[in-house]
Amino acid sequence: MANLSADGQDEGRMEFLLTLKRRGIGDQAVLRAMDEVPRERFVEAAFADSAYADQALPISCGQTISQPYVVAYMTEQLGVRSHHRVLEVGTGSGYQAAVLSRLAREVVSIERYRTLADQARQRLASLGFANVTVIAGDGFAGVPDKAPFDRIIVTAAADEVPPALLDQLADDDGVMLIPLGPQGAVQHIVKLTKTPAGVRRESLIPVRFVPLLAGQAQEL
Ligand code: SAH
């Protein structure tokens with residue numbers, strides 16, 4: 001008997017890459033990385049049929065896995081090279097970390113919910129994404145003992161750039177992406193680049209992310 005759901009998923013995956021290209025993602029390495037990570041393994045079973053639709057989906061702890069276009073866009077803007085060490089703040093499902101792991105030497109990802117951190121760590125290990133380390137902790141503090149990072153990506157929205165993260169960004173051409181702006185209103189992805197002349201700041205596309213909250217979650 002034909003496996004209808006798998007066929008549907010293959011079509012969905014082809015459409016998925018076409019949508020990313022149509023929306024302007026042009027970096028072949030990023031498209032390849034998006035193609036290599038099975039998003040259906042990062043969403044709840046109930047949403048597996050929507051895994052390749054271009055939309056954010058709910059995950060545990062009231063959080064969300066980001067929309068594929070936003071993942072691809074931020075990955076492209078981050079300009080990850082194969083020798084880079086990358087810090088992600090906001091592991092969530094681990095999906096963005098998996099995409100980054102295809103492009104970087106090493107990915108360190110920090111998540112304030114221990115439940116999400118544990119699930120993501122297990123999921124990434126079982127799928128063979130061996131160059132990702134998931135840490136349960138407060139991303140406002142970064143991961144000082146593994147700094148500096150060539151690239152930093154924050155996948156939750158803040159009012160301002162956490163100073164510790166800027167300190168942990170490499171001085172030599174370090175790039176950080178972070179959604180900034182008030183909750184419940186339009187935020188913008190802001191790109192910070194460390195140059196010898198100081199930190200260059202550019203505002204990119206409007207987005208809507210869950211908030212970056214201070215402290216490690218007390219609940220699971
Ligand atoms: N990148 C994720 C989606 C992230 S949603 C993915 O690919 O699935 C944002 C995540 O940031 C949530 O899981 C939330 O719990 C986490 N978060 C919010 N504030 C944080 C903080 N201070 N430190 C670490 N993680 C935080």
Side-chain angles (χ1 to χ4, degrees), residues 16 20 30 33-34 36-44 47-48 50-78 80 86-104 107-124 127 129 132-144 146 149 151-166 168 176-181 183 187 189 207-220:
F16 174 77
L20 295 177
V30 172
M34 295 294 293
E36 280 171 1
V37 179
R39 192 166 185 264
E40 80 276 7
R41 301 290 295 271
F42 292 81
V43 303
E44 306 272 316
F47 295 104
S50 308
Y52 294 99
D54 194 19
Q55 62 191 42
L57 291 169
I59 56 174
S60 309
C61 306
Q63 304 304 312
T64 52
I65 173 171
S66 309
Q67 180 190 351
Y69 170 69
V70 174
V71 172
Y73 178 83
M74 289 181 84
T75 305
E76 187 170 59
Q77 287 294 325
L78 203 57
V80 182
V86 180
L87 172 66
E88 179 194 27
V89 175
T91 313
S93 67
Y95 179 70
Q96 171 76 76
V99 171
L100 291 168
S101 80
R102 302 294 79 206
L103 301 162
V107 178
V108 176
S109 186
I110 182 164
E111 167 57 53
R112 69 188 288 275
Y113 282 100
R114 185 169 291 283
T115 308
L116 287 174
D118 289 348
Q119 281 174 358
R121 187 182 303 112
Q122 248 178 18
R123 176 182 284 138
L124 289 161
L127 292 171
F129 296 103
V132 184
T133 305
V134 178
I135 295 170
D138 180 9
F140 269 99
V143 185
K146 292 190 186 283
F149 298 97
R151 298 290 183 261
I152 298 180
I153 179 172
V154 182
T155 63
D159 292 329
E160 289 166 36
V161 181
L165 296 183
L166 202 53
Q168 290 169 35
M176 172 167 18
L177 291 181
I178 177 168
L180 292 181
Q183 272 312 303
Q187 308 136 3
I189 293 175
V207 284
R208 213 175 256 270
F209 272 90
V210 298
L212 186 71
L213 297 172
Q216 189 168 356
Q218 288 312 302
E219 64 274 46
L220 284 178

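As the structure lists them, so they are numbered: ligands from 1, and atoms in each ligand from 1. Just the heavy atoms: all of them, side chains too, but no hydrogens, waters or symmetry mates, feed the values below.
Nearest heavy-atom pair across Phe209 and Ala157 is CB-N, 3.8 Å.
Taking a 6.0 Å sphere around CZ of Arg41, one finds it holds 12 or fewer heavy atoms contributed by other residues, nucleotides or ligands. More than 12 heavy atoms of other residues, nucleotides or ligands sit less than 6.0 Å from atom CD of Gln183.
Between Thr91 and Leu116 there is no side-chain heavy-atom pair separated by less than 4.5 Å.
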Distance-only criterion, 3.5 Å: show the donor-acceptor pairs between side-chain atoms of residues 94-104 and protein atoms not counting sequence neighbours.
unit_1 : atom_1 : unit_2 : atom_2 : d
Gln96  : NE2    : Thr75  : OG1    : 2.9
Ser101 : OG     : Ala98  : O      : 2.7

What short N/O contacts, under 3.5 Å, does ligand 1 make with the protein, listed by atom pair and distance?
unit_1   : atom_1 : unit_2 : atom_2 : d
ligand 1 : 1 (N)  : Glu88  : OE2    : 2.9
ligand 1 : 1 (N)  : Gly90  : O      : 3.0
ligand 1 : 1 (N)  : Thr155 : OG1    : 3.1
ligand 1 : 7 (O)  : Gln96  : N      : 3.0
ligand 1 : 8 (O)  : Ser93  : N      : 3.0
ligand 1 : 8 (O)  : Ser93  : OG     : 2.6
ligand 1 : 13 (O) : Glu111 : OE1    : 2.7
ligand 1 : 13 (O) : Glu111 : OE2    : 3.4
ligand 1 : 15 (O) : Glu111 : OE2    : 2.7
ligand 1 : 19 (N) : Leu213 : N      : 2.9
ligand 1 : 22 (N) : Asp138 : OD1    : 3.0
ligand 1 : 22 (N) : Leu213 : O      : 2.6
ligand 1 : 23 (N) : Gly139 : N      : 2.7
ligand 1 : 25 (N) : Arg112 : N      : 3.2

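A donor-acceptor pair under 3.5 Å links the side-chain atoms of Tyr52 to the main chain of Arg39, judged by distance alone.
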